[in-house]
Amino acid sequence: MSTPNTPIYNPAEIEPKWQKKWDEDGLNHSDIDPAKPKHYALTMLPYPSGDLHIGHWFAMTPPDARARFKRMQGYNVLFPMGFDAFGLPAENAAIKNKVHPKEWTYRNIEKMRKQFRSLGAMFDWRREAISADPEYYRWTQWFFTQLYNHGLAYRKSAQVDWCPHDNTTLAREQVWGEDRHCERCGTPVIKKNLEQWFFKTTAYAEQLLDFSQIDWPERVRTLETNWIGRSEGAAVIFTTEKDDQLEVFTTRPDTLWGATFMVLAPEHPLVAKLTSVEQKAEVDAYIQDVQRMSDIQRESTDKEKTGVFTGGYAINPVNGRQIPVWIADYVLMSYGTGAIMAVPAHDERDFAFAIKFGLPILPVIDRNDGIAKSLVFPGSVADGFAAQLSDAGIEYYAAPVGDEGEGLFVTLYGTDQIEKYIAMMRSAIQPKNWNEVVGAQWVFIFSDGVRELDSVTADQEILAKCKALYPAVGKNRTTMEMLNGLDFYKDVLFHSEYGTMIHSGTFSGTPGDIAKQKVSKWLEENNKGKAKVNYRLRDWLISRQRYWGAPIPIVYCPTHGAVAVPDDQLPVLLPDDVEWMPTGQSPLKLHPTWKITTCPTCGGPAERETDTLDTFMCSSWYHLRYLSPHYTQGPFDPKEYDYWMPVDTYTGGIEHATMHLIYTRFFHKASRDMGITKGDEPMLQLRNQGMILGEDSEKMSKSKGNVRSPVDLVNSYGADVVRAYLIFFSRWDQGAPWSSGGIEGVNRWIRRVWVTIVEPGPEGSKDENAVRNLRRKLHQTLRSVTRDFETFEFNTIVSGLMELLNDMMKAKQQGLYNSPAWKEAVELFLLMLAPVSPHISEELWAWLGKPYSIHKQNWPKVDEEAAREDEITLVVQINGKVRDRIQLPAGITEEDAKAHTLASAAVQRYLEGKTLRQIIYVPGKLINIVI
RNA sequence: GCCGAAGUGGCGGAACAGGCAGACGCGCACGACUCAAAAUCGUGUACCCUCCGGGUAUGUGGGUUCGAUUCCCACCUUCGGCACCA
């Protein structure tokens, strides 16, 4: 009940009041102060899309609270904010609403800035950076010319991903999902051949895999590691009949002797030269087919293998064997060399291809397990195969598989027979009907013994051995399935990495663990290849065929080619007077005069590059621009850099793991090598927030009508309540669906905080126990809140404060109001609340008559004496089950504790008639009696 | 298919060296206040039983241990990423 003297909580009044005062006083300014340790807290900058949504607030509020906590701990904290202001949505809005992108963008920035202020965040707006400002993109362009001059930016014609909706190319990182869609608009991309600019991110692949100097979440490190996709293997040089060198990359140089054919990507430059006259028509037709196919069709894994023989042959450098060269779309021009040696016996894809086209399969790795030395392809072709074996003079033992002759089980005994078999496979004769095989009956070849089998099912010994070796195969499968199943085959052959080499000339018998190195070494010594590491990571495509971005600072001169615009002519300004044509073409290209310029080298007539830079380039260095957003002598003031960098904590969404976070580390490392930045890493610690969903557990979207506007929430509850709720309602790293009931609970709590502190209560109690209890809870809470701020466990900060307030309310009822312990509790409570809900804590701090500002106060220290428990609740277990709880003094000795326990009535009851075996005592916590 | 993360009440979640499972909040039920409602305050709230008391519970099944949400193994489910990468 309010008395006339107690103020009423009115966030609508106090929040703007304090925001204004903090602004006027420059409370949130961060300036270099060598006397203090620095803390650079960075949070990913938003794109100015229109309004701040609840996701922005969820992303920013806990880091803001943590930055405030760090400041109270005595750090000089830099917590800046800015806008990633170039990008497609502005341009789409321009086309749709006939507003200039610049106007649209800056209007949104104005709006969002205001919304940020109502959140009560501690951003130092003097350090705001906007990537679309010429004073910003001048230096984005400068970075480009630096990279260009150091050979890290280059231009090439390549098949690139093109979004037909947004009319621009995309980096590989911006193409998502199974259907290869545009990260922004969801349209499936198509391939185009275009001259584009790239950054050599691949040159840093190895360094990007090294996370030893940074504390980043495992999840992000894994995503990046997979994305970079390091493969160790060897480059092997085959030669063609026409003496061209044909390099392949393989991770399995130990299987070189098993290469029975070669496959090139249809786009491979040697295809035309290799193709024989007879095969030309077929090859051309296939290449046309492939080009017509979309990426999705082509790269679908379940698609049946297609390909054609070129008519050409390549020579295997390890044994001089001629193998046929095929082309197939499962080999990608963009990885490795666009050519592979095919080892169907030990590679699943090659196997499928060989089966389909009747190419030989030659096992060269032994499993060393005494069962399946080698095993080969199908047959509903059993008869033909058997006849072939006989024709080749091979001795074999055969048994039919199944009751109705579904297949043939073949055993070869001894190396001589196997060699003959291999020779047969090498010869070009193959059963004509192999590619008509439908069923999957496998023919097994064993070399460890002779057996005549009546039927496979009868051979219990083999079955038992198989079961022991491959328990997964034996389970729930009939013998037929087991012998026929591809699983079994895969297990035996494709996972034979560490098997001994066989049928490999002088290398036969090489143990699996050293096979790869040994072959690689031999290749290198004989100039036929070398050990090589390959990465899935591609160079970063940075050209965008759009207007609203930083122009690529390049001029094309007929005599000097691509010339970087000199530093003193930067920025290359975007022209404002542009028109949008319905063709979707970049207005820069259509601008009548803008691209006409002179060559910086010779002064002759030249043309500007009309593509703009990927906006991810702007955001790769924004953390540096914050340091000195108006600096004109360089991208940043070195004095500021030396003080603030590197970023201590970086927060943002996980969706940037394979885009921005890779780019910005690349940028930093490349800049370091160009002498611009220092150290190996830009951001030491990274933490990711989860996502807030709508109340229906769906992603918030306007079309679903489940969007919560933070502005409305602030209007109804005040920023302090919204902040506390965002911190409290879920684990920050996970996110959760929004709950309109949940925020009511926090609203009640904030109001209770106000009332508990502001309204008087009964005074004068001398209850020492009550004082002790209050102080203990207070300092225990301080300890846990401090720890939780450090470790980003935000939700338990608020729940801890809730528990403390509950105890304070109890203490107030007990008559502690206005006592020294009460005053201490109120003071520390407000200090702990200050980072979470900065306005109400400032208001109550002032109401208490304390010096302005609460945010400049030091974070309190835990009084360990007060936090100490002086009584413990000893949990008494009997055989691990809780049977009793005993209150005992905290310092009690083990002996006394045991004596007390055994004396308790509850324990006595259980002990009756039982033998006591053992007593386990955990000091201060628990006693377990084993009987 | 490969890589990774996560499974705890009706819900969000807590349990921070292997030691009381379910803190805190939402929701719900009952009560106080009120003519009434809202607000506020109080009490209760995992499940089962024979309700004194006992039993079962942290995705499932095993294991280690005096003792497991926590460690180990296998499996199931969900989510995220990659996907013919040689």
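Each chain gets a letter, A, B and so on, in the order the sequences are listed, and its residues count up from 1.
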J.: Looking at G1(B), does its base get a donor-acceptor pair with the side chain of E348(A) below 3.5 Å?
T.: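 In this structure, the two groups form no donor-acceptor pair.
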J.: Looking only at atom P, what distance separates A38(B) and A21(B), rounded to whole Å?
T.: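 The answer is 38 Å between these two P atoms.
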J.: So what does F728(A) touch, heavy atoms closer than 4.0 Å: a base, only the sugar-phosphate, or nothing?
T.: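 Base, at least one base atom sits under 4.0 Å.
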J.: My understanding is that only one of R172(A), R536(A), E267(A), R538(A) makes a side chain to side chain contact (heavy atoms under 4.5 Å, CB included) with S334(A); could you say which?
T.: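 When R172(A), R536(A), E267(A), R538(A) are each tested with S334(A), the side chain to side chain contact (heavy atoms under 4.5 Å, CB included) holds only for R538(A).
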J.: With a 4.0 Å cut-off on heavy atoms, is W227(A) in touch with a base, just the backbone sugar-phosphate, or nothing at all?
T.: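 Answer is sugar-phosphate: W227(A) comes under 4.0 Å of backbone atoms only.
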J.: Using only heavy-atom distances, determine whether the side chains of T251(A) and E232(A) contain a donor-acceptor pair under 3.5 Å.
T.: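 Not at all, the side chains of T251(A) and E232(A) share no donor-acceptor pair under 3.5 Å.
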J.: How many whole angstroms separate atom CD of E695(A) from atom P of C26(B)?
T.: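 So the two atoms are 15 Å apart, to the nearest Å.
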J.: Distance check: side-chain N/O of R752(A) vs OP1/OP2 of C24(B), anything under 4.0 Å?
T.: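 For C24(B), neither OP1 nor OP2 has a side-chain N or O of R752(A) closer than 4.0 Å.
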J.: Say we look at C66(B) and G4(B): how far apart would their P atoms be, to the nearest angstrom?
T.: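 Roughly 33 Å separates the two P atoms.
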J.: Given Watson-Crick or G-U pairs with both distances under 3.5 Å, what dot-bracket string fits RNA chain B, with | for other-strand pairs and [ ] for crossing?
T.: (((((((..(((......[....)))((((((.......))))))((((...))))..(((((..]....))))))))))))....
J.: Within the structure shown, what part of the strands sits under 4.0 Å from G735(A) by heavy-atom distance: base, sugar-phosphate, or nothing?
T.: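 Sugar-phosphate contact only - G735(A) comes under 4.0 Å of backbone atoms but never of a base.
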J.: When you measure from every atom of RNA chain B, which of residues 787-797 of chain A have a heavy atom less than 4.0 Å away?
T.: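 Of all residues in residues 787-797 of chain A, the ones placing a heavy atom under 4.0 Å from RNA chain B are R787(A), D788(A), E793(A), N795(A), T796(A).
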J.: Counting the benzene-type ring for Trp, do F729(A) and F58(A) have ring centres under 6.0 Å apart?
T.: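 Here the rings of F58(A) and F729(A) have centres that are less than 6.0 Å from each other.
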J.: Using a strict 4.0 Å threshold on nitrogen-to-oxygen distance, state whether E864(A) and R783(A) make a salt bridge.
T.: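 Yes, this pair counts.
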J.: Taking atom types as modelled and ignoring hydrogens, do the side chains of Q887(A) and T873(A) form a donor-acceptor contact shorter than 3.5 angstrom?
T.: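 The answer is yes; a qualifying pair exists.
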J.: Check whether the side chains of S231(A) and Y535(A) place a donor and an acceptor atom closer than 3.5 Å, and report yes or no.
T.: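 Not at all, the side chains of S231(A) and Y535(A) share no donor-acceptor pair under 3.5 Å.
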J.: For the rings on F353(A) and W326(A), is their centre-to-centre separation under 6.0 Å?
T.: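 Between W326(A) and F353(A), which both carry aromatic rings, the centre distance is below 6.0 Å.
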J.: Side chains of D720(A) and Y725(A) only: does a donor on one sit below 3.5 Å from an acceptor on the other?
T.: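 No, because no side-chain N or O of D720(A) sits under 3.5 Å from a partner of the opposite role on Y725(A).
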